Protein chains: 2
Amino acid sequence: MKTLSIKDIAVQANVSITTVSFIINGKAKEKSISEAVIEKVEKIIEESGYKPNQIARSLRTGNSNIIGLIIEDISNSFFSRIARLIEDKAYKRGYKIIYSSTENSVDKAKELINMFKSRKVDAYIISPIKGIEEDINMLLTDNKPVILFDRNLPNVDTNYVGADHFNASYQSIESFIKQGKKNIALVTTDIDVQQITERYDGYKKALEDNGITYSDDLVVKIHFNQEEAETISQIKTLLESKKIDAVLFATNYLAISGLKVLKQINKKIGDEFAVIAYDDHEAFELHTPSISTVQQPLEEIAETVIKLILSQLSSKTKLENQQVIIPAKLIIRD
Amino acid sequence: MKTLSIKDIAVQANVSITTVSFIINGKAKEKSISEAVIEKVEKIIEESGYKPNQIARSLRTGNSNIIGLIIEDISNSFFSRIARLIEDKAYKRGYKIIYSSTENSVDKAKELINMFKSRKVDAYIISPIKGIEEDINMLLTDNKPVILFDRNLPNVDTNYVGADHFNASYQSIESFIKQGKKNIALVTTDIDVQQITERYDGYKKALEDNGITYSDDLVVKIHFNQEEAETISQIKTLLESKKIDAVLFATNYLAISGLKVLKQINKKIGDEFAVIAYDDHEAFELHTPSISTVQQPLEEIAETVIKLILSQLSSKTKLENQQVIIPAKLIIRD
DNA sequence: CTGAAAGCGCTTACAG
DNA sequence: CTGAAAGCGCTTACAG
């Protein structure tokens with residue numbers, strides 16, 4: 001069965017391709033096509049199940065109704081949940097999302113941008129890494145809407161949506177201090193991205209503001225791409241050797257590794273030792289005892305991203321760039 | 001900055017578009033283009049950063065180097081992990097994946113198939129639901145490779161890759177019985193898909209083979225799309241009212257809800273009461289005590305899916321359909 | 001109220 | 001060894 005083209009419909013309806021095209025694209029009124037013709041053509045389209053070839057349409061119009069989403073890793077629940085929400089919202093507005101993971105590699109990120117470009121995506125949603133500033137700037141000079149989320153890039157002048165990582169981190173540490181904790185550790189990653197730096201800065205500032213001396217010994221920076229076993233051993237070293245009464249884990253997967261360590265060395269969370277994890281995870285509520293977390297407002301982030309994209313896509317003029325910082329929520333569980 | 005076209009390259013190199021095209025597509029030798037010309041053109045392409053327009057290429061050739069992946073829900077960790085593996089493997093072979101979630105809706109699944117079709121994806125990987133048999137059969141008559149995974153569809157004659165759900169479930173129940181359990185419950189969903197039915201059948205058969213009478217009272221079918229609060233209350237009813245000494249949860253999210261119930265009603269997992277969860281989840285290893293699980297071989301599933309797709313894509317003749325059933329692994333933790 | 005025709009950027013059969 | 005030209009399936013400026 002040959003797939004139908006607009007020409008087949010035109011022949012069947014005994015009108016020109018132009019007329020069919022106008023009807024498909026809802027320009028029938030505007031082009032004053034007669035009611036009779038509209039009905040006839042619509043009936044044929046309906047009965048035949050004809051679907052316009054989007055590839056041809058894209059080639060002609062230069063846009064695709066596809067939004068490219070570039071994230072670090074779809075198997076990380078933060079990203080998969082965000083992706084699902086964004087997909088959902090975009091879908092309702094007639095856009096498809098095509099996404100791909102950079103796995104924290106600059107080369108792969110660049111490749112992805114190129115591949116999206118050659119597929120003529122209409123807009124980009126990117127959780128960026130350092131090293132792709134230039135590529136993003138090229139998209140911008142091409143007049144493509146670009147929304148960064150989760151992480152910002154200092155040298156790129158575009159839209160950004162993300163949680164207030166500095167304050168979330170700051171408040172977490174303050175809550176420890178209010179509980180009387182003095183030796184507060186931070187387990188974070190060595191990825192050089194803004195949202196991780198902010199968490200670190202929040203940690204440091206909260207200590208200083210409360211008269212506690214910052215000590216490098218209490219901060220572990222876990223190498224991004226290493227085996228979990230290595231991570232576990234580093235965290236174990238920290239927790240065993242120092243007299244620590246509280247830990248902030250800067251990502252949920254680090255917290256998962258940390259909880260495994262606690263289980264191994266049989267260190268209990270309680271009055272003597274407190275933990276907060278950044279980004280929620282199903283394991284945390286379930287844990288005995290439940291783990292307090294910093295929750296990013298996923299729904300709000302996704303909604304803001306989509307709104308920014310759509311307003312740019314529908315506006316003829318260049319809109320002003322927006323930086324939307326959304327507060328994160330500290331959920332204390334016990 | 002106007003994006004470059006093949007014509008620009010041809011003009012710059014002072015050769016025809018045809019020649020440039022042959023070179024880009026690696027047909028230079030075959031078409032006996034001279035070394036000098038090849039080098040000149042490649043240099044210009046390299047320096048200009050020209051990337052062929054994939055849309056135009058697709059329109060002309062009728063394929064896209066894109067594989068469509070249709071799953072139930074990307075935010076479910078089983079799917080996001082599989083998706084990541086498939087994406088990764090496809091990418092290495094020059095294919096892009098575009099994926100979307102059906103959210104268990106037949107209408108959305110049909111729409112997705114249509115949208116992928118009009119985008120001319122080369123092949124389909126589908127975790128299907130009942131009600132889209134006809135749509136899939138249309139793809140097959142179109143000669144598009146289709147691989148079903150995770151769930152099979154009885155009336156569709158195509159390739160399938162999935163775990164051996166019947167045996168995994170059967171063995172889980174047997175392991176309970178060996179521990180001396182008599183009142184074994186099953187918490188499953190009411191989705192009418194094969195992999196869920198098989199888990200149920202395995203449960204039933206294992207009981208029968210071991211001389212334990214099957215009882216409807218010990219099986220709870222949770223409605224798919226309901227609020228978690230409702231799910232929790234149903235599981236609570238089961239666990240509180242019956243004298244049950246073991247439970248198999250047929251999906252990881254049901255197990256998560258179940259563990260929440262146990263925490264609420266303060267029922268301990270141990271010698272008196274055992275639990276196995278289908279599909280692993282980070283929360284299970286971490287739980288106190290650790291939860292035994294049935295692990296599907298994600299890596300192997302993804303690899304098999306991709307291999308089947310690629311062999312079909314590269315073969316000129318219609319290959320025989322394959323049904324690959326991969327054993328799942330019961331991981332007993334304590 | 002409707003249509004013929006150009007053109008989006010490629011690939012490829014054919015010709016020389 | 002290389003090129004002119006048709007055509008993939010659309011959209012849209014222009015003409016009538």
Side-chain angles (χ1 to χ4, degrees), chain A residues 2-42 45 48-66 114-115 117-122 142, chain B residues 2-42 45 48-66 114-115 117-122 142:
Chain A
K2 194 70 197 57
T3 43
L4 297 165
S5 79
I6 194 170
K7 196 174 160 193
D8 301 313
I9 304 297
V11 169
Q12 264 195 62
N14 218 354
V15 296
S16 76
I17 290 179
T18 309
T19 303
V20 176
S21 175
F22 285 155
I23 293 172
I24 290 171
N25 291 297
K27 299 193 178 165
K29 302 272 180 236
E30 176 187 330
K31 300 291 178 178
S32 33
I33 311 281
S34 67
E35 264 310 322
V37 171
I38 297 181
E39 271 175 31
K40 181 170 63 174
V41 171
E42 281 180 342
I45 290 177
S48 64
Y50 164 72
K51 303 273 179 223
N53 179 324
Q54 297 297 337
I55 299 282
R57 183 178 269 176
S58 285
L59 178 58
R60 189 46 235 246
T61 62
N63 49 46
S64 58
N65 277 309
I66 292 184
N114 270 330
M115 112 110 207
K117 220 197 264 186
S118 67
R119 294 237 142 74
K120 304 293 168 195
V121 307
D122 293 348
D142 253 14
Chain B
K2 195 68 199 59
T3 43
L4 296 164
S5 79
I6 193 170
K7 198 173 157 194
D8 300 315
I9 305 298
V11 169
Q12 265 196 61
N14 218 354
V15 296
S16 76
I17 289 179
T18 309
T19 302
V20 177
S21 176
F22 287 154
I23 293 172
I24 291 172
N25 293 294
K27 298 192 179 166
K29 304 270 179 237
E30 175 187 331
K31 301 290 178 178
S32 33
I33 310 280
S34 67
E35 264 311 322
V37 171
I38 296 180
E39 270 176 33
K40 180 171 61 173
V41 171
E42 281 179 343
I45 290 177
S48 65
Y50 164 71
K51 304 275 179 221
N53 180 326
Q54 298 297 336
I55 299 281
R57 183 178 269 174
S58 286
L59 179 60
R60 188 47 234 248
T61 63
N63 49 45
S64 58
N65 278 309
I66 292 186
N114 271 330
M115 112 111 209
K117 218 197 269 184
S118 66
R119 294 239 144 74
K120 305 291 168 197
V121 306
D122 293 348
D142 253 15

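Computed from a predicted model, the values in this text were never measured in an experiment. Chain letters run A, B, ... following the sequence lines, proteins first and then strands; every chain starts at 1. Values below: every heavy atom of this structure, side chains too, minus hydrogens, waters and symmetry copies.
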Q: Strictly below 4.0 Å, heavy-atom distances to any atom of DNA chain D: list the hits from residues 33-42 of chain B, or just say none.
A: B:I33, B:S34, B:V37
Q) Rounded to the Å, how far apart are A:I17 CD1 and D:dC8 P? A) 11 Å
Q: Starting from the 5' end of DNA chain D, give me the residue, B:R60 or A:K7, whose nearest nucleotide shows up first.
A: B:R60
Q) Taking OP1 and OP2 of D:dG3, is either one under 4.0 Å from a side-chain nitrogen or oxygen of B:T19? A) yes
Q | B:S21 vs C:dT11: side-chain N/O to OP1/OP2 distance below 4.0 Å | A | yes
Q: Locate the shortest heavy-atom distance separating A:I45 from A:S48; write the atom from each residue and the value.
A: O-OG, 3.2 Å
Q: Report the distance from atom CD1 of A:I24 to atom C1' of D:dT11, rounded to the nearest whole Å.
A: 10 Å
Q. What base-paired stems does DNA chain D take part in, with at least 3 consecutive Watson-Crick or G-U wobble pairs and both distances under 3.5 Å?
A. C:1-3 with D:14-16, C:5-12 with D:5-12, C:14-16 with D:1-3
Q.
Consider side-chain contact (heavy atoms from CB on, under 4.5 Å). Of B:V15, B:I9, B:V41, B:T18, which one does B:I23 pass it with?
A. B:V41
Q | Residue closer to the 5' end of DNA chain C, B:T18 versus B:A56 (nearest nucleotide) | A | B:A56
Q. Base, sugar-phosphate, or nothing for B:T61, non-hydrogen atoms under 4.0 angstrom?
A. sugar-phosphate
Q. Which part of the nucleic acid does B:K120 contact within heavy-atom distance under 4.0 Å: base, sugar-phosphate only, or nothing?
A. nothing
Q) Would you say the side-chain atoms of A:D122 pair up with the backbone N or O of A:N63, donor to acceptor, closer than 3.5 Å? A) no
Q: Under the side chain to side chain contact (heavy atoms under 4.5 Å, CB included) rule, what do A:R119 and B:I66 come out as? Steps first, then yes or no, please.
A: CA-CA 11 Å; A:R119 294 237 142 74; B:I66 292 186; 3.5 Å; yes
Q.
Treating B:S21 as the side-chain partner and B:I17 as the backbone partner, does any N or O pair qualify as donor plus acceptor under 3.5 Å?
A. no
Q: Could you check how far CZ of A:F22 sits from P of C:dC1, rounded to whole Å?
A: 14 Å
Q: Starting from P on C:dT11, measure out to CG on B:N53 and report it in whole angstrom.
A: 10 Å
Q. For A:K27, does its backbone N or O pair with a side-chain atom of A:N25 as donor and acceptor, under 3.5 Å?
A. no
Q | Between P of C:dG9 and NZ of B:K51, the distance in whole Å | A | 17 Å
Q) Atom CD1 of A:I6 to atom C1' of D:dC8: distance rounded to whole Å? A) 14 Å
(Q) It should be established whether B:Y50 places a side-chain nitrogen or oxygen under 4.0 Å from OP1 or OP2 of nucleotide C:dG9. (A) no
Q.
Using only atom types and a distance under 3.5 Å, with no angle test, would you say the side chain of A:S64 pairs donor to acceptor with the backbone of A:S58?
A. no
(Q) Whole angstroms only, please: what is the CG-P distance between B:N14 and D:dC1? (A) 19 Å
Q: Enter the distance from A:E42:CD to A:I24:CD1 here, rounded to the nearest 0.5 Å.
A: 10.0 Å
Q) Between B:L59 (CG) and D:dT11 (P), how many Å, whole number? A) 12 Å
Q. Where the side chain of B:S118 meets the backbone of A:Q54, is there a donor-acceptor pair that is under 3.5 Å apart?
A. no
Q) When you measure from the side chain of A:K40 to the backbone N and O of A:A13, does any donor-acceptor pair fall under 3.5 Å? A) yes
Q. Is any side-chain nitrogen or oxygen of B:S16 closer than 4.0 Å to OP1 or OP2 of D:dG3?
A. yes
(Q) Classify B:I55 by what it touches in the nucleic acid, base, sugar-phosphate, or nothing, heavy-atom distance under 4.0 Å. (A) nothing
